[in-house]
Amino acid sequence: MPRKPRPRRVRSVSKQDVALLVRHLSDTGCSDEWAAVMLAYVTGARPCEMRSIEVEDNLVTIRGGKKSRKLKRGADRVLLIENRKALKAVTLAAERLRHTARSDTAIRDALRKACRLLWPRRTVQITLKSLRHQLGANLKASSDSPQHLAYIMGHQSTESIDVYGDRRKGEGRKLYVAPANDADVERVRVSTRDARYGRSHNPVAVDFVGGVSDTTPLGRFIRRWERERGS
């Protein structure tokens, strides 16, 4: 039998689309989907990893999903977030998903319906993996080492980062995560092949300490969540 072609997927998400999606999920009371989008947007966490996320001070621990027996894929990581708004968004979102009784499938299905309502003419819609791909693009466009990139994405090898995102889609974006200062990045295997995305380009702006405007997806998320919690 001939192999079926892979379904088309959205591999880059504009800041405007993220902002519109966050606002729509907030206005329609889709808190679980809202939280999942925030975690994927900031940390690139897989849906199967989101409920295990732990935050202590400014360190975010993510237990890796998709681990193989021989540890050739999937890895735990500890990420540093020094941006106050981004850290608060991740903390609130992780807390929300940790206590929800809904399944990952239910959350993904509801997110798919929300995207169809927002963009009915699009044949391919944004998913949580689309946001992970966008983070991969942002990382590729930065000047960080391939081992750091693979560590942040939860990969065992630098070769795996090749399939995530197009660095041209990440130019000019900001990063909110970095490996923790004591992270064992050297455990990431270095591929013998040169990375396909190359290194000859201008790095993106990386901001770990600056503020976040109330008009950004993070700002909207925080502002609405604080109103709901009465804080």
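Along the sequence shown, the residues carry numbers beginning at 1.
- Between the side chain of N58 and the backbone N or O of E82 there is no donor-acceptor pair closer than 3.5 Å.
- For G64 against D76, the heavy-atom pair with the smallest separation is N-OD1, 2.7 Å.
- Between R132 and E49 no salt bridge is recorded (no basic side-chain N to carboxylate O distance below 4.0 Å).
- Taken from OG in S52 to CG in L97, the straight-line distance is 10.5 Å, to the nearest 0.5 Å.
- The backbone N or O of V188 sits nowhere less than 3.5 Å from a side-chain atom of Q156 that would complete a donor-acceptor pair.
- When side chains are defined from C-beta on, L149 does not count as touching T158, because their heavy atoms never get closer than 4.5 Å.
- Taking CG from L87 and CG from L59, the interatomic distance works out to 9.0 Å, rounded to the nearest 0.5 Å.
- Across all their heavy atoms, L25 and A114 have their closest contact at CD2-CB, 3.8 Å.
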Trace of the salt bridge (Lys or Arg N to Asp or Glu O under 4.0 Å) decision for D184 with R77: CA-CA 9 Å; D184 191 5; R77 61 263 198 208; over 6 Å; no

Yes or no on side chain to side chain contact (heavy atoms under 4.5 Å, CB included) for V13 and Y41, after CA distance, side-chain angles and deciding distance? CA-CA 10 Å; V13 186; Y41 175 70; over 6 Å; no

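- The distance from the CZ atom of R23 to the CG atom of D27 is 7.5 Å, given to the nearest 0.5 Å.
- The residues E95 and R98 are annotated as not salt-bridged, no charged nitrogen and carboxylate oxygen being separated by less than 4.0 angstrom.
- Atom NZ of K113 sits about 12.5 Å away from atom OG1 of T28, to the nearest 0.5 Å.
- Nearest heavy-atom pair across M38 and A93 is CB-CB, 4.2 Å.
- You'll find the side chain of T61 stays beyond 4.5 Å of the side chain of I53, heavy atoms only.
- Residue pairs meeting the salt bridge (Lys or Arg N to Asp or Glu O under 4.0 Å) criterion with at least one partner in residues 29-45, sequence neighbours excluded, are D32-R96, D32-R102, E33-R102.
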For side chain to side chain contact (heavy atoms under 4.5 Å, CB included), just list the numbers for W34 and L111, CA-CA rounded to whole Å, side-chain angles, deciding distance to a tenth of an Å, and then say yes or no. CA-CA 9 Å; W34 191 26; L111 179 61; over 6 Å; no

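- At least one donor-acceptor pair closer than 3.5 Å links the side chain of Y151 to the backbone N or O of V78.
- Residue V42 forms a side-chain contact (heavy atoms from CB on, under 4.5 Å) with just one option from L79, V37, V177, and that option is V177.
- Note: R46 CZ to M50 CE = 10.5 Å, rounded to the nearest 0.5 Å.
- Side-chain atoms of T127 and R9, non-hydrogen and from C-beta on, never get closer than 4.5 Å to each other.
- Here the CG atom belonging to L135 is positioned 11.5 Å from the OH atom belonging to Y176, to the nearest 0.5 angstrom.
- Across every non-hydrogen atom of N83 and K85, the tightest pair is OD1-N, 3.1 Å.
- When all heavy atoms are compared, the tightest approach of A178 to I152 is CA-CD1, 4.0 Å.
- The nearest pair of heavy atoms linking P47 to R108 is CB-NH1, 3.7 Å.
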